[in-house]
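In listed order, ligands and their atoms are each counted from 1. In this chain, numbering begins with 1 at the start of the sequence shown.
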Amino acid sequence: MTSKRILIQNGCVLTLDKKIGNFHKADVLIEGTKISAIGPNLSAADAEVIDAADMIVMPGFVDTHRHVWEGILRNIGTDVTLEGEANSLTIIVNTLAPVFRPEDAYIGNLVGLYGALDAGITTILDWSHIQATRDHTDAVIKALDESGMRAVFAYGYPWWKDPDEHQEEWIREIAKKCFSTKDQLLTFALAPQGPEITSFEVAKAQWELARELDARISVHVGVGSAGQQGKLGRMGKAGLLKNDTTYIHCTTLSDDEIKMIVDTGGTVSLSSTSEMTMGYGMPPIQRFLNHGLRPSLSVDAETNMPNDMFTQMRSVNSLQHAMIFDRKLAGKRNLPPFMTSRDVIECATIEGARANGLLHKTGTLTPGKEADIIMLRTESPNILPVNDPISAVVWGMDTSNVDSVLVAGKALKRDGKLLNVDLDNLRSKAYESRDYVIAKSGFKLPEI
Ligand SMILES: [Zn+2]
């Protein structure tokens, strides 16, 4: 049986693959789930043709850390930081999370995932610390599955209580039952609490479990004052830092700890918007660039942040420039180079794929890789005329430009609309769950 062929025709193609280059006008041929050819004037007589004139065609964005279950808590904590009595931990983690039923986690995940797809994100790491019961796990995996996205399910321990006595057993069972192969859209990672939230011994045991299960690790470190106590350094000295780990935030780590991450081949996820507004510390973009490590980017939490990668790209790029200009104005010399639009678009795609352990499958448009492709409208009044396609994506576009989204060759959004989503049903279930969670927790929504 021959696979279905799709020809995306006459687009401005940003492959982001340096060997192939980018094209002002070219075609992308998809066969089944994979890209089979890229170049001008491809012929494929039997293929379904998608007209991409007036479109930028590029790899889908990759988000490397998001607590997707919080989808029904959108914008609930924008004026809440890591500090004070009513802080992000006491409200989101200790008040709202504990009353989530499996169905609330499911619908939270579903609205988060559809929002991400709508914004042109094709791969997401779901940092899912809502695993109060075994049923919660099944519920969020069901949502990940239904969404059609490429996702890393990063199993997170609940933060508001001690892990259940069966937690480890559940993790082993899920790894075996749902993730026995890596050759599928959903892959598995462990999201341990990490040494700043739990003891060294517990952190070590959780990391060892991930390695026994051949799962990548995704961990928050260097967060606020908890990150200033050398706890990651202790893990490093014990030989626990390896190239299978993505370190999130890293804002208050010491120089030695940053170097340990680089030296052991780790990857990094920065959520510069939440890091800056919530008090995690200064995003360490330059500290990693100084070592030649380019971080990936992430949304983190929709309780506080918008759900798209355009915001993340602009935030981290602005911050890096501001820090260099600040030093320049203070009379410093021999300053590092500015990040360019090309650098930052690669952070949102290639580095994301690398951090999620999926660079062999996604992150660039390359024949042989999976067809995770977005098409961005260039005829819209917010972006025409396009003078520099890469800068247009990084600085000029927003989610309204996302016309089409394909994951593994399957169209999930076309002509500006999500496909196969019952939005009325999604909306009513999201409000139902939101109302239940708010009422049960006793939390009061902000006055307006
Ligand atoms: Zn986080």
Tell me whether the NZ or CZ atom of R234 lies within the 45° cone about the ring axis of F200 and under 6.0 Å from its centre.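 Yes.
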For H220, what is the atom name of its N, O or S atom nearest to the Zn ion (ligand 1)?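 Atom name returned: NE2.
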Measuring from the Zn ion (ligand 1), name the closest N, O or S atom belonging to D300.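 Closest N, O or S atom of D300 to the Zn ion (ligand 1): OD1.
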Taking only residues two or more places apart in sequence, or in another chain, which ones meet R216 in a salt bridge (charged side-chain N to carboxylate O under 4.0 Å, His left out)?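 Counting only residues at least two positions away or on another chain, R216 forms no salt bridge (charged side-chain N to carboxylate O under 4.0 Å, His left out).
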Atom pairs and distances, donor-acceptor, side-chain atoms in residues 96-119, under 3.5 Å, two or more places apart:
residue	atom	partner	partner atom	Å
R101	NE	D104	OD2	2.9
R101	NH2	D104	OD1	2.9
D104	OD1	S433	OG	2.5
D104	OD2	R101	N	2.8
Y106	OH	E146	OE1	2.7
Y106	OH	E146	OE2	3.3
N109	OD1	W69	N	3.1
N109	ND2	D126	OD2	2.8
D118	OD1	K413	NZ	2.9

Measuring centre to centre across the rings, with the benzene-like ring taken for any Trp, is F338 within less than 6.0 Å of F325?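 Here the rings of F325 and F338 have centres that are less than 6.0 Å from each other.
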Does H249 bring an N, O or S atom to under 2.8 Å of the Zn ion (ligand 1)?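 Here the distance criterion (N, O or S atom, under 2.8 Å) is not met by H249, so no.
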